[in-house]
Amino acid sequence: MNILRELIEEPLMSALTDMGVSGDFWRKALGPSREKAQGDLSLPCFPFAKQLGKSPVDIATALESSISGNFEVSSTGGYLNFKANPEWLASNVLKENEMPGQKSVLIEHTSANPNGPFHVGRARNAILGDTLVRLNRLFGNQVRAEYYVDDMGKQVGVLAWALANLSSENVDNILNDAEEVNPKWIGKKDHETVRWYQAAQHLRSNAEDKKIEEEIGRLVHASEHGDDEVLAQFEDAYQPVLDGMLETLSRLGIEFDTFTKESKFVVDGTVSNLMEKLASLEIHGVADNGAHFLDLGQRGLKGKTDFFYRRGDGSSLYATRDIAYHMWKWQQSENLVNILGEDHKLQAKQVGMTLQELGQKVPEVMFYAFIKLPEGKMSTRRGNVVFMDDLLEEAQAQAASVVRGLRSDLSDEEVEAIAEAVGVSAVRFNITKVSPDKGFTFRWEEALSFEGESAPFMMYSHTRACSIAKRVGRDAKMDSKGEIPPAMHELLRVMACYVDKLSHSVNENKPHVFALYLLELATAYNSFYRDCHVIKDGEVDEFNFAVSEKARALLREGMNGIGVIPLESM
RNA sequence: GGACACGUGGCCCAGCUGGAUAAGGCGGCGGCCUCCUAAGCCGCAGAUCGCGGGUUCAAAUCCUGCCGUGUCCGCCA
């Protein structure tokens with residue numbers, strides 16, 4: 001609770017100085033109290049004991065009597081506890097929040113190869129990335145959401161080759177009915193076209209004749225040398241697939257500001273310039289066949305230290321282009337954040353070290369662990385996969401059945417609309433609420449849970465507040481005052497931490513921190529709703545209404561910040 | 001084999017820039033709709049914080065060894 005911290009730090013500083021404590025190392029020890037009954041912030045006095053030659057208990061007791069302000073001070077067992085004055089807290093919470101963000105940030109996320117539909121594993125990137133984009137915007141930062149389109153190289157090459165050389169019948173025969181398109185997604189190009197890609201992969205893995213490999217190799221090679229015609233052919237192949245994928249993301253509320261193609265940096269010459277520059281570095285080396293690398297071991301990298309950036313034939317590698325891309329990104333924004341799967345850790349390290357070697361800054365990276373299924377690793381090939389499109393359909397259907405059971409007063413259209421919002425929100429929140437570095441197992445029953453720690457839980461609290469606002473039918477008077485029962489006090493304390501939690505979440509790139517905070521906010525609102533009625537016997541309690549309205553606003557903005565849709569009725 | 005993550009009640013998960021009795025949720029058990037939507041609320045049971053050492057006034061949190069799981073170790077992307 002930073003508003004209280006600001007109030008405390010000065011008097012505390014002078015009290016400690018008077019006692020003979022030097023430095024301000026204690027600032028980071030001053031933290032949230034463990035027990036709510038004891039206070040809002042606590043200072044453990046153990047670190048002062050040695051310096052002052054007194055017991056922590058005596059120090060806390062002495063400090064207790066020498067500090068005063070718009071808060072309550074008490075001491076127990078060597079801890080000094082501060083509790084904000086509830087009325088002061090209320091008037092602060094009811095004020096307009098000022099968002100502290102003023103940076104420009106370019107967040108690159110998703111950037112999935114455009115060769116097939118999203119499964120829930122690949123979608124973790126998009127959901128985490130978009131949440132970070134939204135949170136940064138809520139925080140006040142200037143954000144650009146960017147998708148780096150992998151429009152060259154082997155994967156797109158295989159896709160383009162397949163589309164040029166295989167008929168629909170060929171594909172059916174090759175795949176042998178093993179991987180049929182769900183009838184629901186016929187006409188959606190990411191689902192349809194991926195079969196060409198898969199068929200080509202089958203052919204390549206069983207290939208006796210080298211012809212296919214040679215043809216694909218020729219395409220890839222041409223693309224890497226910036227061949228316009230081949231790049232155009234590639235684009236014709238992947239664009240419809242990418243469009244299908246973006247349609248899925250759009251349903252999740254995920255949109256991008258800019259798309260940047262990988263080939264851009266080959267075509268405009270920055271990649272070859274870069275390779276020249278890299279060749280002049282002192283850690284540069286050349287292999288027997290003329291391939292170039294940097295020996296990052298000399299800069300402390302462990303394990304495999306040779307980082308190849310140029311093939312023997314003179315063409316660039318993915319990582320090389322990524323470096324060129326980053327140098328360009330640094331011209332676009334003063335802060336860069338990338339969302340990457342944990343499989344990219346080494347690659348990101350190599351790119352980062354090379355950027356440093358070139359005198360460039362290193363981007364921030366949020367890594368996330370993979371989502372697996374109870375049956376094991378997700379794999380389209382083995383059919384062990386849950387597509388995002390299917391998950392969203394199922395979520396919507398289950399939500400519709402819940403809404404229908406609860407609300408007989410609604411029309412079919414209203415039910416469908418609510419169910420869509422509930423389904424999408426539940427799916428997003430299920431992924432957002434867990435720490436990115438925790439690998440987790442996807443389970444249908446958890447993804448489709450609409451109670452407990454879920455999106456619908458907070459959506460429901462918000463609709464309760466909306467329902468009250470609608471009944472009152474006018475704005476609240478935010479300068480109201482009144483009695484503060486325990487449930488309201490708790491809600492005020494939670495609301496007071498809104499900006500703190502948002503800052504933490506944004507500055508540390510940890511979306512789950514704010515997601516879990518919103519759950520706390522909704523929980524606190526539910527208790528307030530139970531104990532502090534706004535409308536009593538037809539009369540409006542102004543103070544309760546003001547608090548309810550503030551909570552409603554914070555819930556609405558916060559939910560938007562994590563991509564949970566704040567319905568007004570459900 | 002090496003590097004990097006992760007390991008918290010039956011299940012999921014927070015806390016990990018060291019601080020007071022380890023926070024939630026699911027599941028289980030028991031209560032609450034004549035009262036602003038019960039997708040809710042209240043209560044009970046359930047934890048040697050993977051295991052062993054170490055640092056410290058204080059360790060789930062830091063260091064170290066081991067065990068388990070995941071990821072990476074391509075002139076692929």
Side-chain angles (χ1 to χ4, degrees), chain A residues 28-29 31 33-35 38 42-47 49-50 55-56 76-79 81 113 115 150 152-157 220 262 287-293 301-306 308-313 315-319 321-322 341-347 349 367 369-370 372 377 399 402-403 405-407 422 426 433-435 437-441 443 445-446 449-461 463-472 487 508 512-513 516 519-520 522-523 526-527 529-537 540 544-545 548 569-570:
Chain A
K28 66 176 195 291
S33 307
R34 181 161 286 287
E35 287 302 310
Q38 287 165 332
S42 295
L43 180 72
C45 296
F46 305 91
K50 200 175 280 178
S55 82
T76 41
Y79 288 85
N81 298 311
N113 284 318
N115 62 0
D150 194 354
M152 54 187 294
K154 193 147 280 172
Q155 300 214 32
V156 196
V220 172
E262 190 181 336
D288 293 343
N289 69 345
H292 291 228
F293 64 88
L301 185 67
K302 295 181 197 164
K304 198 215 168 235
T305 60
D306 288 350
F308 281 88
Y309 66 86
R310 178 178 164 147
R311 294 197 183 93
D313 70 358
S315 63
S316 61
L317 284 108
Y318 175 81
R321 289 167 233 139
D322 203 24
E342 60 180 344
D343 55 333
H344 282 70
K345 274 186 178 174
L346 175 59
Q347 161 96 25
K349 182 84 187 157
F367 292 106
F370 290 139
K372 50 182 188 297
K377 197 180 161 178
V402 172
V403 178
L406 257 27
R407 301 287 302 270
V422 167
K433 73 175 177 185
V434 316
S435 172
D437 48 27
K438 199 84 105 183
F440 86 93
T441 304
R443 291 190 177 81
E445 60 275 25
E446 282 166 18
S449 161
F450 299 153
E451 34 185 69
E453 292 178 333
S454 71
F457 173 90
M458 64 177 76
M459 294 168 79
Y460 188 69
S461 299
T463 60
R464 283 175 149 180
C466 287
S467 170
I468 290 170
K470 203 170 159 194
R471 274 171 184 259
V472 176
E508 309 271 313
H512 73 285
V513 168
L516 294 175
L519 233 25
E520 271 180 60
T523 302
N526 285 341
S527 299
Y529 177 87
R530 179 198 61 212
D531 291 349
C532 309
H533 283 216
V534 171
I535 299 161
K536 299 175 203 159
D537 309 318
V540 173
N544 287 357
F545 184 43
S548 178
S569 164
M570 66 189 273

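Note on naming: letters A, B, ... go to the chains in the order of the sequence lines (proteins, then strands), and numbering restarts at 1 for each one.
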Specify the separation, in whole Å, of atom [atom1] of [X] and atom [atom2] of [N].
X	N	atom1	atom2	answer
A/Y529	B/C41	OH	P	12 Å
A/L516	B/C16	CG	P	12 Å
A/R530	B/G43	CZ	P	8 Å
A/R34	B/C16	CZ	C1'	12 Å
A/H344	B/C72	NE2	P	10 Å
A/E508	B/A14	CD	C1'	15 Å
A/N526	B/C36	CG	C1'	13 Å

B/G1 pairs with, by Watson-Crick or G-U criteria that keep both distances under 3.5 Å: B/C73
Would you indicate which nucleotide in [options] comes nearest to any side-chain atom of [X]?
X	options	answer
A/F308	B/A39, B/A77, B/C75	B/C75
A/F46	B/C75, B/C57, B/A14	B/C57
A/L317	B/C6, B/C72, B/C75	B/C75
A/H512	B/A14, B/A77, B/C41	B/A14
A/S467	B/A77, B/A20, B/C36	B/C36
A/E262	B/A20, B/G27, B/A77	B/A77
A/K302	B/C75, B/C4, B/C36	B/C4
A/K154	B/C72, B/C76, B/C6	B/C76

Pairwise P distance, B/U48 and B/G54 [rounded to whole Å]: 22 Å
Donor-acceptor under 3.5 Å (A/S33 side chain, A/E35 main chain): no
Main-chain N/O of A/N526 paired to A/R464 side chain as donor or acceptor, under 3.5 Å: no
A/N81 and A/Q38 side chains, donor-acceptor separation under 3.5 Å: no
Closest non-hydrogen atom pair, A/K433 against A/E453: NZ-O, 2.9 Å
